[in-house]
Amino acid sequence: MAIGSPTQKHRMDLFIRTIGIERARTKIGLVNIAFNFKRFLYWETRPSTA
């Protein structure tokens, strides 16, 4: 991956266009935290079947 080039994260339809690898890593990290939090809320609010 070239620095400053747009990349795409397919699972979340995330299109990253930043200058610098650290900014791109930070953005991906924040998106991953948000995605995991949404998954957590889904499982916590889902009615139990047991």
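By the salt bridge (Lys or Arg N to Asp or Glu O under 4.0 Å) test, R23 is found to be paired with no residue, residues two or more places apart in sequence or in another chain being considered. In this structure, the salt bridge (Lys or Arg N to Asp or Glu O under 4.0 Å) partners of E22, at least two apart in sequence or on a different chain, are R25.
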Report all side-chain donor-acceptor pairs from residues 35-44 shorter than 3.5 Å, counting only partners two or more places apart or in another chain.
{"residue": "N36", "atom": "ND2", "partner": "N32", "partner atom": "O", "Å": "3.3"}

